[in-house]
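First up is the structure itself, then whatever we jot down about it.
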Amino acid sequence: MQRLLASVPRCSNAGRRAVVGTSGIRSVSSAATRTLDALEKLKKGSLYKEAGIIGGEEVTLSKTFEVLDPATLQPVAQVPDLGLPELDRAISAASTAFSSFSTTTTAFERAAMLNRWHALVMANQDELAALITLENGKPLAEAKGEVAYAASFMSWFAGEAPRAYGDVLVPSVAGHRAITIKQPVGVVGILTPWNFPAAMITRKTAAAVAAGCSVVIKPDAETPLTAIALAKLALEAGIPPGVINVVPTKSALAEVGRTLCEDVRLRKLSFTGSTAVGQLLMAQSASSLKKLSFELGGNAPFIVFEDVDIDAAVAAAVLCKFRGSGQTCVCANRMYVHASVYDEFVQKLTEVVKGFKLGSGFDAQTTHGPLIHARAIEKVERHVADAVAKGARVEVGGERASAEVGPHFYAPTIVSGATSEMAVAREETFGPLAAVFKFETEEEVVRQANESDVGLASYVFTKNIARVMRVAEKLEYGMVGVNTGIISDCAAPFGGVKFSGFGREGSKYGLDEYLTVKAVTIGGGGW
Ligand SMILES: NC(=O)c1ccc[n+]([C@@H]2O[C@H](COP(=O)([O-])OP(=O)(O)OC[C@H]3O[C@@H](n4cnc5c(N)ncnc54)[C@H](O)[C@@H]3O)[C@@H](O)[C@H]2O)c1
Ligand SMILES: O=CCCC(=O)O
């Protein structure tokens, strides 16, 4: 604690309110004190751990890496920087655990474990949310929502575990009988991003546990604390040691990533993150031919036709675009609005965004937190500058937030007059920039929406049911939200097409990612 306190940059104007830039967005600048208070409280609890988890044991190392609060850049933890020797131990522990877990537990027992894990996570919702806010920066209320979302995958897959049905087949060979059985795929490597420190882990891990697999999780180095806490609660819930292992690493990221791909003791890899890293992991997995599920980047179109309730479309756009300060893979990236309602939509959206309050996620007044790192800010800046240079108009924001708010804040921004020549049309911003495009016809907007190499989420707003079906069928995306900006649901399959990857998470399809189908053909007759 002393070590961390000593390196904290003290906020000279703690408690004062600031008005950000020219945008009129108000924010709060007592973040450093709030982070320290939260940290102190977390350290008194049982979930804050600076350790890897291997075979059920906490693993520490003298070599550590620093975890920062992105709102203030204060160090909030020193986590062991594990490397290949510890990864090897984790894979061994997972392999040993798999032998017994996959054969000696029934699906009902695994469901009971998942339900107990769910109960413990929800009982510790506040503490887990504080960990998420500490290392990711999202507002506490949003972090609490993420904890509930993360837990929903535990109860969902508890329900799915006993439903790993096989089939009775009708063989073409006389005298044969045949069935299929589904079996756990084996040890799974799980690589997760920083934007949902809890939910991206549980969406994969709960399905794996339901199927009877064991896992080795490599959390993002920006947000390892939540992963460690979840693994501790899994042990408390009775999930056997070695079934869930967590290997935090920073300096050995490339080697650990490569080993997770190449090691044949792992039979599956599940990754959520950027397309570029997904391509690297797929190439590295060629030699081991393991099963892969990749949920990669998006560039979501958000289409508003002229026949909608504009207030409802604006409310949905706000949630869809600015959740996590624009750092979710399903955030709207290109807003296409029909020419006849364009001005009204832009004006109403701008009014709402002007009311946002940037600041520490621990401040109850904060509506939007920081971006995760400097590269994220630079990308938003590049997209805004490019759009403005090509003729877009900044309606609100358009610049970094004032330094008083914090080093990683970008003012939530709306640009109108966006066109397909702009970088924001082709690349995912992954930040708080809403680019609004104008369109005239259904045909034109569907063509523009599909002019993307990725295909994760898409959104359509219209009251015309025939148009809903036409457009939903034509959109080259894995997910289509109709008259809603929120599509994330444990019951619905989550995943993309094209360069957004493959595989589906959550839903009745999510379990299959962790199972293999075996055909059992019985000859010999006698029946
Ligand atoms: N689909 C999502 O939920 C999601 C989440 C985070 C980031 N992204 C995408 O990534 C972009 C930028 O985010 P970023 O800067 O964190 O991206 P990044 O490509 O640097 O990292 C993404 C993830 O890949 C991991 N990673 C990086 N190199 C690796 C390697 N050699 N082996 C194994 N794992 C490796 C990182 O630890 C991180 O978890 C965004 O614009 C977005 O498109 C998507
Ligand atoms: O960012 C990736 C996941 C987003 C979600 O599950 O809502």
Side-chain angles (χ1 to χ4, degrees), residues 91 94-115 153 155-190 203-216 239-240 242-243 260-271 281-282 285-295 473 478 490-497 501-527:
I91 298 174
S95 302
T96 305
F98 177 73
S99 306
S100 55
F101 190 60
S102 59
T103 53
T104 63
T105 59
T106 65
F108 285 91
E109 286 164 344
R110 296 195 294 276
M113 291 174 198
L114 286 168
N115 279 327
F153 293 106
S155 50
W156 175 265
F157 283 112
E160 287 299 297
R163 301 200 168 82
Y165 302 127
D167 295 306
V168 179
L169 310 178
V170 183
S172 64
V173 179
H176 277 189
R177 299 290 183 270
I179 57 168
T180 61
I181 55 173
K182 288 186 180 172
Q183 293 183 303
V185 65
V187 181
V188 181
I190 288 181
R203 190 153 71 188
K204 299 172 193 302
T205 305
V209 168
C213 299
S214 57
V215 303
V216 177
I239 296 177
V243 170
L260 287 170
C261 294
E262 290 179 349
D263 196 309
V264 292
R265 289 174 292 174
L266 293 127
R267 293 309 324 150
K268 157 129 192 141
L269 201 68
S270 181
F271 170 68
L281 298 177
M282 189 163 181
S285 297
S287 63
S288 67
L289 280 180
K290 51 177 56 86
K291 188 167 169 164
L292 303 173
S293 302
F294 284 175
E295 195 257 284
E473 285 173 16
C490 63
F494 196 102
V497 297
F502 41 78
R504 292 295 179 267
E505 299 195 316
S507 80
K508 67 172 184 172
Y509 307 103
L511 191 64
D512 283 337
E513 301 284 330
Y514 297 88
L515 294 166
T516 55
V517 177
K518 183 181 281 180
V520 180
T521 302
I522 309 155
W527 31 65

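Everything numeric in this text was worked out from a predicted model, so none of it was measured.
To the nearest 0.5 Å, the span separating CH2 on Trp156 from OG on Ser507 amounts to 7.0 Å. Taken to the nearest 0.5 Å, the OH atom of Tyr514 stands 7.0 Å off from the OG1 atom of Thr205. Interatomic distance, Ser285 OG to Leu292 CG, rounded to the nearest 0.5 Å: 5.0 Å.
A donor-acceptor pair under 3.5 Å links the side-chain atoms of Arg110 to the main chain of Ala210, judged by distance alone. At least one donor-acceptor pair closer than 3.5 Å links the side chain of Arg267 to the backbone N or O of Leu289. With hydrogens and angles ignored, the 3.5 Å screen pairs no side-chain donor or acceptor of Asp167 with any backbone N or O of Leu169. Between the side chain of Trp527 and the backbone N or O of Gly175, at least one donor-acceptor pair lies under 3.5 Å. In this structure, Ser214 contributes its side chain and Ala94 its backbone to a donor-acceptor pair below 3.5 Å. Arg203 places no side-chain N or O within 3.5 Å of a backbone atom of Gly510 that could act as its donor or acceptor partner.
Salt bridge status for Lys268 with Glu513: present, with a side-chain N to carboxylate O gap under 4.0 Å. Salt-bridge annotation for Lys182 and Asp512: present, with a side-chain N of the basic residue lying under 4.0 Å from a carboxylate O of the acidic one.
Residues passing the side chain to side chain contact (heavy atoms under 4.5 Å, CB included) test with Ile181, sequence neighbours excluded: Ile179, Gln183, Lys518, Val520. Evaluation of the ring-ring contact (aromatic ring centres under 6.0 Å, His included) rule for Phe494 yields no partner, not counting sequence neighbours.
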Problem - Derivation and outcome, side-chain hydrogen bond (donor to acceptor under 3.5 Å, both in side chains), residues Ser293 and Lys204 - result: CA-CA 10 Å; Ser293 302; Lys204 299 172 193 302; over 6 Å; no
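Considering every non-hydrogen atom in both Leu511 and Glu160, the closest pair reads CD2-O, 3.4 Å.
Residues Leu114 and Phe153 have side chains not in contact (no heavy-atom distance under 4.5 Å, counting atoms from C-beta outward). Using a 4.5 Å cut-off on side-chain heavy atoms (C-beta onward), Thr105 and Met113 make contact.
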